[in-house]
There are 2 protein chains.
Amino acid sequence: MELHEPELREVPVTAVLAALADDVRLQIVRALAPGGEHACGSFEFGVSKATRSHHLKVLREAGLTRTRIAGTTRYVRLRRDELDRLYPGLLDAGLTAPARPQ
Amino acid sequence: MELHEPELREVPVTAVLAALADDVRLQIVRALAPGGEHACGSFEFGVSKATRSHHLKVLREAGLTRTRIAGTTRYVRLRRDELDRLYPGLLDAGLTAPARPQ
DNA sequence: GAGCTTGTTCGACGATTGTCGAACATGGGT
DNA sequence: ACCCATGTTCGACAATCGTCGAACAAGCTC
(Lines give C-alpha, C1' and ligand atoms only; values in the text may rest on other atoms or scores of the structure.)
Protein backbone atom coordinates (compact mmCIF):
# COMPACT_ATOMS: atom_id res chain seq x y z
CA MET A 1 0.00 0.00 0.00
CA GLU A 2 1.37 3.37 -1.02
CA LEU A 3 0.52 6.33 1.11
CA HIS A 4 0.80 9.72 -0.44
CA GLU A 5 2.43 11.98 2.15
CA PRO A 6 3.67 15.10 0.39
CA GLU A 7 6.36 17.46 1.54
CA LEU A 8 4.63 20.28 3.32
CA ARG A 9 6.30 22.97 1.23
CA GLU A 10 4.99 21.35 -1.91
CA VAL A 11 1.40 21.69 -0.78
CA PRO A 12 -0.32 24.95 -1.73
CA VAL A 13 -1.26 27.01 1.33
CA THR A 14 -4.82 27.07 0.11
CA ALA A 15 -4.91 23.26 0.30
CA VAL A 16 -3.66 23.33 3.90
CA LEU A 17 -6.23 25.97 4.81
CA ALA A 18 -8.99 24.09 3.01
CA ALA A 19 -8.09 20.92 4.87
CA LEU A 20 -8.59 22.74 8.17
CA ALA A 21 -11.77 24.47 7.01
CA ASP A 22 -14.09 21.60 7.86
CA ASP A 23 -15.69 20.79 11.18
CA VAL A 24 -15.05 17.08 11.14
CA ARG A 25 -11.44 17.46 10.08
CA LEU A 26 -10.85 20.15 12.65
CA GLN A 27 -12.17 17.81 15.31
CA ILE A 28 -9.74 15.16 14.14
CA VAL A 29 -6.88 17.64 14.29
CA ARG A 30 -7.95 18.69 17.77
CA ALA A 31 -7.97 15.07 18.91
CA LEU A 32 -4.51 14.61 17.41
CA ALA A 33 -3.08 17.82 18.80
CA PRO A 34 -2.00 16.57 22.24
CA GLY A 35 0.38 14.28 20.40
CA GLY A 36 0.89 10.59 19.90
CA GLU A 37 -0.70 8.18 17.51
CA HIS A 38 -4.39 7.48 17.16
CA ALA A 39 -5.94 4.54 15.38
CA CYS A 40 -8.18 5.74 12.57
CA GLY A 41 -11.12 3.94 14.10
CA SER A 42 -10.77 5.86 17.35
CA PHE A 43 -12.36 8.94 15.86
CA GLU A 44 -16.06 8.97 16.62
CA PHE A 45 -17.53 12.10 15.17
CA GLY A 46 -20.88 10.93 13.92
CA VAL A 47 -19.86 10.15 10.38
CA SER A 48 -19.64 6.83 8.62
CA LYS A 49 -16.29 5.13 8.30
CA ALA A 50 -16.28 5.88 4.60
CA THR A 51 -16.54 9.57 5.35
CA ARG A 52 -13.95 9.35 8.10
CA SER A 53 -11.58 7.62 5.74
CA HIS A 54 -12.15 10.39 3.23
CA HIS A 55 -11.36 13.12 5.74
CA LEU A 56 -8.20 11.38 6.91
CA LYS A 57 -7.10 11.17 3.29
CA VAL A 58 -7.66 14.90 2.82
CA LEU A 59 -5.63 15.66 5.93
CA ARG A 60 -2.82 13.35 4.88
CA GLU A 61 -2.62 14.68 1.33
CA ALA A 62 -2.60 18.25 2.62
CA GLY A 63 0.51 17.35 4.57
CA LEU A 64 -1.14 17.67 7.96
CA THR A 65 -0.85 14.10 9.15
CA ARG A 66 1.36 11.08 8.80
CA THR A 67 0.08 7.52 8.80
CA ARG A 68 1.73 4.33 9.95
CA ILE A 69 0.31 0.99 8.89
CA ALA A 70 0.40 -1.83 11.42
CA GLY A 71 -1.53 -4.90 10.40
CA THR A 72 -5.08 -3.92 9.61
CA THR A 73 -5.05 -0.77 11.65
CA ARG A 74 -3.56 2.56 10.70
CA TYR A 75 -2.14 5.00 13.16
CA VAL A 76 -2.35 8.70 12.44
CA ARG A 77 -0.36 11.50 13.97
CA LEU A 78 -0.18 15.24 13.46
CA ARG A 79 2.88 16.67 11.71
CA ARG A 80 3.02 19.37 14.32
CA ASP A 81 6.70 20.24 14.20
CA GLU A 82 6.76 20.70 10.44
CA LEU A 83 3.50 22.63 10.51
CA ASP A 84 4.68 24.95 13.27
CA ARG A 85 7.95 25.55 11.50
CA LEU A 86 6.43 26.38 8.12
CA TYR A 87 3.24 28.06 9.33
CA PRO A 88 3.80 29.23 12.89
CA GLY A 89 0.50 29.94 14.59
CA LEU A 90 -1.68 28.40 11.96
CA LEU A 91 -2.39 25.22 13.87
CA ASP A 92 -2.94 27.06 17.11
CA ALA A 93 -5.51 29.26 15.39
CA GLY A 94 -7.61 26.22 14.59
CA LEU A 95 -6.94 24.57 17.93
CA THR A 96 -7.56 27.38 20.37
CA ALA A 97 -10.63 28.79 18.68
CA PRO A 98 -13.91 27.62 20.17
CA ALA A 99 -15.47 24.88 18.11
CA ARG A 100 -18.61 26.99 17.97
CA PRO A 101 -18.78 30.75 18.36
CA GLN A 102 -19.78 32.03 21.85
CA MET B 1 -26.98 49.94 1.95
CA GLU B 2 -26.42 47.55 4.80
CA LEU B 3 -23.09 45.84 5.04
CA HIS B 4 -22.87 42.71 7.07
CA GLU B 5 -19.64 42.88 9.04
CA PRO B 6 -19.82 40.33 11.84
CA GLU B 7 -17.86 40.30 15.06
CA LEU B 8 -14.85 38.12 14.46
CA ARG B 9 -15.52 35.92 17.47
CA GLU B 10 -18.97 35.16 16.17
CA VAL B 11 -17.59 33.71 12.96
CA PRO B 12 -16.77 29.98 13.06
CA VAL B 13 -13.07 29.35 12.62
CA THR B 14 -13.87 27.08 9.72
CA ALA B 15 -15.47 30.03 7.93
CA VAL B 16 -12.37 32.15 8.43
CA LEU B 17 -10.16 29.34 7.18
CA ALA B 18 -12.45 28.66 4.23
CA ALA B 19 -12.36 32.33 3.29
CA LEU B 20 -8.58 32.16 3.10
CA ALA B 21 -8.56 28.84 1.26
CA ASP B 22 -9.01 30.30 -2.19
CA ASP B 23 -6.37 31.66 -4.53
CA VAL B 24 -8.20 34.78 -5.60
CA ARG B 25 -9.20 35.71 -2.06
CA LEU B 26 -5.69 35.07 -0.80
CA GLN B 27 -4.37 37.43 -3.46
CA ILE B 28 -6.80 40.08 -2.29
CA VAL B 29 -5.69 39.59 1.30
CA ARG B 30 -2.06 39.82 0.23
CA ALA B 31 -2.76 43.07 -1.58
CA LEU B 32 -4.52 44.40 1.51
CA ALA B 33 -1.87 43.22 3.96
CA PRO B 34 0.50 46.22 3.76
CA GLY B 35 -2.34 48.28 5.17
CA GLY B 36 -4.56 51.10 4.08
CA GLU B 37 -7.68 51.14 2.02
CA HIS B 38 -8.10 49.79 -1.48
CA ALA B 39 -10.94 50.51 -3.84
CA CYS B 40 -12.72 47.29 -4.81
CA GLY B 41 -12.01 47.99 -8.44
CA SER B 42 -8.28 48.12 -7.85
CA PHE B 43 -8.04 44.35 -7.64
CA GLU B 44 -7.13 42.95 -11.01
CA PHE B 45 -6.84 39.23 -10.69
CA GLY B 46 -8.25 37.98 -13.94
CA VAL B 47 -11.80 37.47 -12.77
CA SER B 48 -14.94 39.33 -13.74
CA LYS B 49 -16.21 42.06 -11.50
CA ALA B 50 -19.14 39.85 -10.51
CA THR B 51 -16.71 37.24 -9.25
CA ARG B 52 -14.56 39.84 -7.53
CA SER B 53 -17.61 41.25 -5.80
CA HIS B 54 -18.49 37.75 -4.65
CA HIS B 55 -15.05 37.14 -3.18
CA LEU B 56 -15.05 40.47 -1.38
CA LYS B 57 -18.39 39.55 0.13
CA VAL B 58 -17.02 36.24 1.35
CA LEU B 59 -14.07 37.98 2.96
CA ARG B 60 -16.26 40.61 4.58
CA GLU B 61 -18.77 38.11 5.97
CA ALA B 62 -15.96 35.96 7.32
CA GLY B 63 -14.87 38.97 9.36
CA LEU B 64 -11.61 39.45 7.45
CA THR B 65 -12.27 42.86 5.93
CA ARG B 66 -14.14 46.05 6.60
CA THR B 67 -15.73 48.16 3.90
CA ARG B 68 -16.32 51.88 3.76
CA ILE B 69 -18.73 53.28 1.22
CA ALA B 70 -17.85 56.60 -0.38
CA GLY B 71 -20.07 57.59 -3.24
CA THR B 72 -20.08 54.83 -5.81
CA THR B 73 -16.79 53.34 -4.76
CA ARG B 74 -16.16 51.07 -1.82
CA TYR B 75 -12.94 50.97 0.09
CA VAL B 76 -11.81 47.73 1.65
CA ARG B 77 -9.26 47.19 4.39
CA LEU B 78 -7.99 44.19 6.28
CA ARG B 79 -9.05 43.75 9.90
CA ARG B 80 -5.50 42.93 10.77
CA ASP B 81 -5.43 43.93 14.43
CA GLU B 82 -8.53 41.96 15.32
CA LEU B 83 -7.33 38.99 13.29
CA ASP B 84 -3.92 38.97 14.89
CA ARG B 85 -5.41 39.28 18.34
CA LEU B 86 -7.89 36.44 17.93
CA TYR B 87 -5.82 34.20 15.67
CA PRO B 88 -2.18 35.13 16.07
CA GLY B 89 -0.12 33.78 13.21
CA LEU B 90 -3.03 32.78 11.03
CA LEU B 91 -2.79 35.71 8.69
CA ASP B 92 0.97 35.47 8.46
CA ALA B 93 0.66 31.84 7.45
CA GLY B 94 -1.31 32.81 4.41
CA LEU B 95 0.79 35.86 3.69
CA THR B 96 4.30 34.51 3.99
CA ALA B 97 3.67 31.27 2.18
CA PRO B 98 4.67 31.27 -1.49
CA ALA B 99 1.69 31.77 -3.75
CA ARG B 100 2.69 28.59 -5.53
CA PRO B 101 4.84 25.85 -4.09
CA GLN B 102 8.53 26.06 -5.11
C1' DG C 1 -31.83 64.69 -17.24
C1' DA C 2 -28.41 61.97 -19.93
C1' DG C 3 -24.63 59.39 -19.66
C1' DC C 4 -20.79 57.35 -17.34
C1' DT C 5 -18.54 54.80 -13.52
C1' DT C 6 -18.55 51.66 -9.70
C1' DG C 7 -20.22 47.94 -7.73
C1' DT C 8 -24.09 44.40 -6.43
C1' DT C 9 -27.53 41.00 -7.51
C1' DC C 10 -29.61 37.47 -10.29
C1' DG C 11 -29.92 33.25 -12.67
C1' DA C 12 -27.24 29.77 -14.80
C1' DC C 13 -23.50 26.61 -15.52
C1' DG C 14 -19.95 23.14 -14.47
C1' DA C 15 -16.88 21.52 -10.89
C1' DT C 16 -15.93 20.25 -6.41
C1' DT C 17 -17.30 18.61 -1.83
C1' DG C 18 -19.35 15.94 2.07
C1' DT C 19 -22.02 12.18 2.79
C1' DC C 20 -23.58 7.37 2.57
C1' DG C 21 -24.08 2.16 1.78
C1' DA C 22 -22.11 -1.53 -0.50
C1' DA C 23 -18.35 -3.90 -2.11
C1' DC C 24 -13.69 -4.90 -1.69
C1' DA C 25 -8.87 -5.73 0.37
C1' DT C 26 -5.96 -7.12 4.04
C1' DG C 27 -4.47 -9.13 8.07
C1' DG C 28 -5.31 -11.12 12.21
C1' DG C 29 -7.77 -14.95 15.29
C1' DT C 30 -9.53 -19.44 16.33
C1' DA D 1 -9.92 -22.51 5.95
C1' DC D 2 -13.24 -19.54 7.84
C1' DC D 3 -14.75 -15.63 10.15
C1' DC D 4 -14.07 -11.07 12.04
C1' DA D 5 -12.09 -6.44 12.46
C1' DT D 6 -10.13 -2.45 10.26
C1' DG D 7 -9.97 0.57 6.42
C1' DT D 8 -10.23 1.87 1.51
C1' DT D 9 -12.54 2.39 -2.80
C1' DC D 10 -16.53 2.86 -5.70
C1' DG D 11 -20.60 4.85 -7.41
C1' DA D 12 -24.30 7.89 -6.25
C1' DC D 13 -26.52 11.77 -4.39
C1' DA D 14 -27.48 16.56 -2.71
C1' DA D 15 -25.35 20.74 -1.53
C1' DT D 16 -22.07 24.17 -2.05
C1' DC D 17 -18.76 26.86 -4.73
C1' DG D 18 -16.44 29.67 -8.35
C1' DT D 19 -17.42 31.60 -12.46
C1' DC D 20 -19.75 34.41 -15.95
C1' DG D 21 -22.86 37.81 -18.55
C1' DA D 22 -26.75 40.50 -18.03
C1' DA D 23 -29.51 43.37 -15.49
C1' DC D 24 -29.88 46.53 -11.88
C1' DA D 25 -28.83 50.37 -8.31
C1' DA D 26 -26.62 54.45 -6.85
C1' DG D 27 -23.90 58.35 -7.31
C1' DC D 28 -21.05 61.64 -9.97
C1' DT D 29 -20.38 65.04 -13.81
C1' DC D 30 -21.59 67.66 -17.66
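How far CZ of B/Arg66 is from CZ of B/Arg79: 3.5 Å, rounded to the nearest 0.5 Å.
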Nucleotide-resolved protein contact map, nucleotides 19-30 of chain D, B/S/- at heavy-atom distance under 4.0 Å
BBB----BBS--
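One interatomic measurement links the two molecules: CG of B/Asp23 to P of D/dG18, which rounds to 11 Å at whole-angstrom precision. Atom OH of A/Tyr75 and atom P of D/dT8 are 13 Å apart (whole Å). Put simply, CZ on B/Arg60 is 11 Å from C1' on C/dG7, counting in whole angstrom units. Rounded to a whole Å, the CD atom of A/Glu61 is 11 Å from the P atom of D/dT8. Nucleotide C/dG7 holds its C1' atom 13 Å from the CZ atom of B/Phe43, rounded to whole Å. As rounded to whole Å, 12 Å separates atom P of D/dT9 from atom CG of A/Leu56. Between A/Leu17 atom CG and C/dT17 atom C1' the separation is 17 Å, expressed in whole Å. As a whole-Å value, the separation of A/Phe45 CZ from C/dT19 P is 12 Å.
Put simply, A/Leu56 and A/Leu83 are part of the same group of oily side chains (I, L, V, M, F, W, Y) that touch within less than 4.5 Å, one to the next. By the criterion of side-chain heavy atoms lying less than 4.5 angstrom apart, applied directly or through intervening Ile, Leu, Val, Met, Phe, Trp or Tyr residues, B/Val29 is not grouped with B/Val58; the two fall into different hydrophobic clusters.
Among A/Arg60, A/Lys57, A/Glu37, the one residue that satisfies the side-chain contact (heavy atoms from CB on, under 4.5 Å) test with A/Thr67 is A/Arg60.
Put simply, A/Arg74 has a side-chain N or O that comes within less than 4.0 Å of OP1 or OP2 on D/dT8.
Residue contacts for A/Thr73: at a heavy-atom cut-off of 4.0 Å it reaches the sugar-phosphate backbone alone, with no base atom in range.
Within the 3.5 Å criterion, the main-chain N or O of A/Ala18 finds a donor-acceptor partner in the side chain of A/Arg25. Of the possible polar contacts, none joining the A/Arg77 side chain to the A/Gly36 backbone as a donor-acceptor pair under 3.5 Å is found.
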